[in-house]
Amino acid sequence: MRVRHAPSGFTLIELLVVVSIIVLLIGILLPALGAVRKAAQATQCMSNMKQLATGHALYANDFDGISLPGRMPNAGGSDNPDNHYNVGNGLHFRPRWMVTMGAAAGFHAYAEPSTDSSKENDNNRHVEHDIFIDPAVPNWTNNRNYALGYNFQFLGNPRNRESVRRPVNFPVRIAGLNGQTVLFADTLGTAVSFVENERDDYNPMPYPDNEPWQLANHGWSLDPPRLTESSDNCDGSRDQETRSAPDERHQGKANVAWLDGHVAAHTAASLGYVKENSGRYAYAPEGATNNLFSGHGTDRDPPSVE
């Protein structure tokens with residue numbers, strides 16, 4: 001007689017149990033893996049920022065102790081050679097701070113810098129070296145709509161005043177400035193002037209389409225927590241409405257580079273900002289303080305444009 005054996009293998013119920021366990025494990029592991037990835041991005045961003053911040057000190061050392069401006073001064077005339085600045089591997093038309101700071105630290109923002117004054121080269125140009133890129137927002141690389149904003153109002157604002165052709169606040173010497181002064185930080189640009197559900201996607205090519213509610217619009221320029229009726233603002237409109245502020249994109253905090261060269265993560269509130277429940281930042285909110293931006297550890301008004 002032949003003995004019949006039951007077929008080996010899993011029953012349907014056993015397979016369902018195994019699948020359920022796998023799904024449960026994935027549900028547990030994915031958030032943890034996501035947190036690890038975000039932490040790695042934050043760490044890489046901080047490393048990049050620290051290397052950039054070194055360029056600020058090197059620039060000041062080469063230029064008689066002067067803090068680099070948010071953007072190189074406008075000498076007037078699109079073809080004026082005085083508007084062409086050395087960025088390490090050639091001349092470029094009025095580079096913004098990250099390009100100049102990177103060049104001082106030995107990093108070239110553009111493989112081929114250009115003295116072309118057109119909007120395509122001036123405002124639609126993207127930085128190309130990895131050192132300038134935040135891995136949390138890897139496409140925020142337009143040099144105008146940039147991922148990082150510079151404390152230009154207190155550390156170097158060469159824009160002209162309202163009534164005279166004289167810089168608002170340039171040159172600024174770093175001698176005597178408090179090392180615990182914000183140098184640059186993660187930013188959302190002018191989008192912070194709007195409630196969160198009114199903001200639009202990042203615009204990598206701001207010209208000809210230029211809207212203040214787009215993420216990182218004019219992100220290269222970081223306004224201090226408290227503005228005034230006579231102060232400048234990030235986009236130069238001086239409209240007493242539009243402003244910029246940090247982006248707490250790294251696990252609820254913004255990475256901040258400081259004048260003494262260190263980099264640390266902070267909430268906007270710990271930097272002196274006041275954020276409304278809607279996510280909006282007002283122009284001159286009650287309770288905001290510029291202590292960590294003024295360069296002197298005190299709550300000073302931004303330099304007047306009048």
Side-chain angles (χ1 to χ4, degrees), residues 34-35 37-53 56 70 96-98 101 127 131-142 144-155 178-196 199 202 214-227 233-234 242-283 285 287-295 302:
R37 183 177 67 254
K38 290 179 180 179
Q41 290 174 341
T43 300
Q44 183 60 56
C45 174
M46 294 178 78
S47 175
N48 291 350
M49 291 172 69
K50 188 172 183 61
Q51 293 181 78
L52 277 180
H56 184 270
R96 290 184 169 87
W97 68 270
M98 80 293 296
M101 192 179 292
V127 294
I131 201 73
F132 299 94
I133 299 173
D134 182 343
V137 284
N139 63 323
W140 291 19
T141 56
N142 181 286
R144 174 188 180 275
N145 291 7
Y146 191 48
L148 305 174
Y150 183 64
N151 180 17
F152 78 109
Q153 295 217 43
F154 285 105
L155 296 182
N178 191 328
Q180 300 302 301
T181 299
V182 171
L183 185 60
F184 59 91
D186 295 329
T187 183
L188 268 179
T190 62
V192 303
S193 305
F194 302 84
V195 300
E196 291 182 1
R199 297 171 187 169
Y202 178 78
Q214 294 169 338
L215 296 179
N217 180 63
H218 275 282
W220 69 273
S221 48
L222 177 63
D223 286 322
R226 182 177 60 80
L227 302 178
N233 63 342
C234 59
T242 308
R243 63 160 303 137
S244 62
D247 182 10
E248 299 166 314
R249 58 174 169 258
H250 293 295
Q251 299 174 301
K253 293 183 178 181
N255 284 342
V256 183
W258 299 80
L259 191 60
D260 66 3
H262 85 280
V263 177
H266 289 265
T267 63
S270 71
L271 296 174
Y273 290 88
V274 174
K275 180 168 62 173
E276 300 174 356
N277 291 334
S278 65
R280 176 180 175 272
Y281 290 79
Y283 204 80
T289 174
N290 293 341
N291 289 1
L292 297 177
F293 284 75
S294 69

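Index from 1, following the sequence. These numbers come from a predicted model, not from an experiment.
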Which heavy atom of Phe293 sits nearest to which heavy atom of Leu271, and what is that distance?
CE1-O, 3.7 Å
Tell me, please, which residues at least two apart from Ser193 pass side-chain hydrogen bond (donor to acceptor under 3.5 Å, both in side chains).
none
Residue list, ring-ring contact (aromatic ring centres under 6.0 Å, His included) with Phe184, at least two apart or on another chain
Trp97
Closest approach of Ala53 and Ala257, non-hydrogen atoms and distance?
CB-CB, 4.3 Å
Could you please spell out the steps behind the side chain to side chain contact (heavy atoms under 4.5 Å, CB included) verdict for Phe154 and Leu259?
CA-CA 12 Å; Phe154 285 105; Leu259 191 60; over 6 Å; no
For Lys275, the salt bridge (charged side-chain N to carboxylate O under 4.0 Å, His left out) test, sequence neighbours excluded, returns Glu248
Partners of Thr141 by side-chain hydrogen bond (donor to acceptor under 3.5 Å, both in side chains), sequence neighbours excluded?
His126
Is there a donor-acceptor contact under 3.5 Å from the side chain of Arg199 to the main chain of Leu215?
no
State which residue, out of Val192, Asn290, Asn233, fulfils the side-chain contact (heavy atoms from CB on, under 4.5 Å) condition with Asp223.
Asn233
Apply salt bridge (charged side-chain N to carboxylate O under 4.0 Å, His left out) to Glu276 and list each qualifying residue two or more places apart in sequence or on a separate chain.
Arg280
Between Arg226 and Gly287 (side chain of the first, backbone of the second, donor and acceptor by atom type, cut-off under 3.5 Å), is there such a pair?
no
Could you check whether any side-chain N or O of Ser278 sits under 3.5 Å from a backbone N or O of Val195, counting only pairs where one atom can act as donor and the other as acceptor?
no
With rounding to the nearest 0.5 Å, note down the distance linking CH2 in Trp258 to NE2 in His56.
14.0 Å
Taking all non-hydrogen atoms of both residues, which atom of Tyr281 and which atom of Ala268 are closest, and how far apart?
OH-CB, 3.3 Å
Kindly say whether Ala282 contributes a backbone atom to a donor-acceptor pair with the side chain of Arg243 at under 3.5 angstrom?
yes
If you take all heavy atoms of Tyr283 and Thr242, which pair is closest and at what distance?
CE1-O, 3.2 Å
Can you measure from CG (Asn255) to CE (Met49) and round to the nearest 0.5 angstrom?
5.5 Å
Can you name the side-chain contact (heavy atoms from CB on, under 4.5 Å) partners of Thr289, sequence neighbours left out?
Asn291, Asp299
What residues form a salt bridge (charged side-chain N to carboxylate O under 4.0 Å, His left out) with Asp186, not counting sequence neighbours?
Arg249
Which atoms form the tightest heavy-atom contact between Ser221 and Cys234, and what is the distance?
OG-O, 2.9 Å
Ignoring hydrogens and geometry, is there a side-chain-to-backbone donor-acceptor pair from Thr187 to Ala245 under 3.5 Å?
yes
For Arg144, check salt bridge (charged side-chain N to carboxylate O under 4.0 Å, His left out) against everything at least two apart and list the hits.
none
Sequence neighbours excluded, the answer for ring-ring contact (aromatic ring centres under 6.0 Å, His included) partners of His250 is none
Working to the nearest 0.5 Å, report the span between CE of Met101 and CG of Leu148.
9.5 Å
Determine whether a donor-acceptor pair (N or O, by modelled atom type, separation under 3.5 Å) exists between the side chain of Tyr150 and the backbone of Arg96.
no
Exercise answer: donor-acceptor pairs, residues 39-46 side-chain atoms, under 3.5 Å, sequence neighbours excluded:
| residue | atom | partner | partner atom | Å |
| --- | --- | --- | --- | --- |
| Thr43 | OG1 | Ala39 | O | 3.0 |
| Gln44 | NE2 | Asn48 | OD1 | 2.9 |

Compare all side-chain heavy atoms of Leu227 with those of Pro302 and state whether any distance is below 4.5 angstrom.
yes
Under the side-chain hydrogen bond (donor to acceptor under 3.5 Å, both in side chains) rule, collect the residues that match up with Thr190, sequence neighbours excluded.
Asn217
Would you please name every residue forming a side-chain hydrogen bond (donor to acceptor under 3.5 Å, both in side chains) with Gln180, sequence neighbours left out?
Asp260
Describe, in one word, how the ring planes of Trp220 and His218 are oriented to each other, choosing from parallel (under 30°), tilted (30 to 60°) and perpendicular (over 60°).
tilted
Would you indicate whether the side-chain heavy atoms of Tyr202 and Val137 approach each other to under 4.5 Å?
no
Shortest non-hydrogen contact from Ser270 to Leu292?
O-CD1, 3.6 Å
How long is the gap from CH2 on Trp140 to CD1 on Ile133, to the nearest 0.5 Å?
14.0 Å
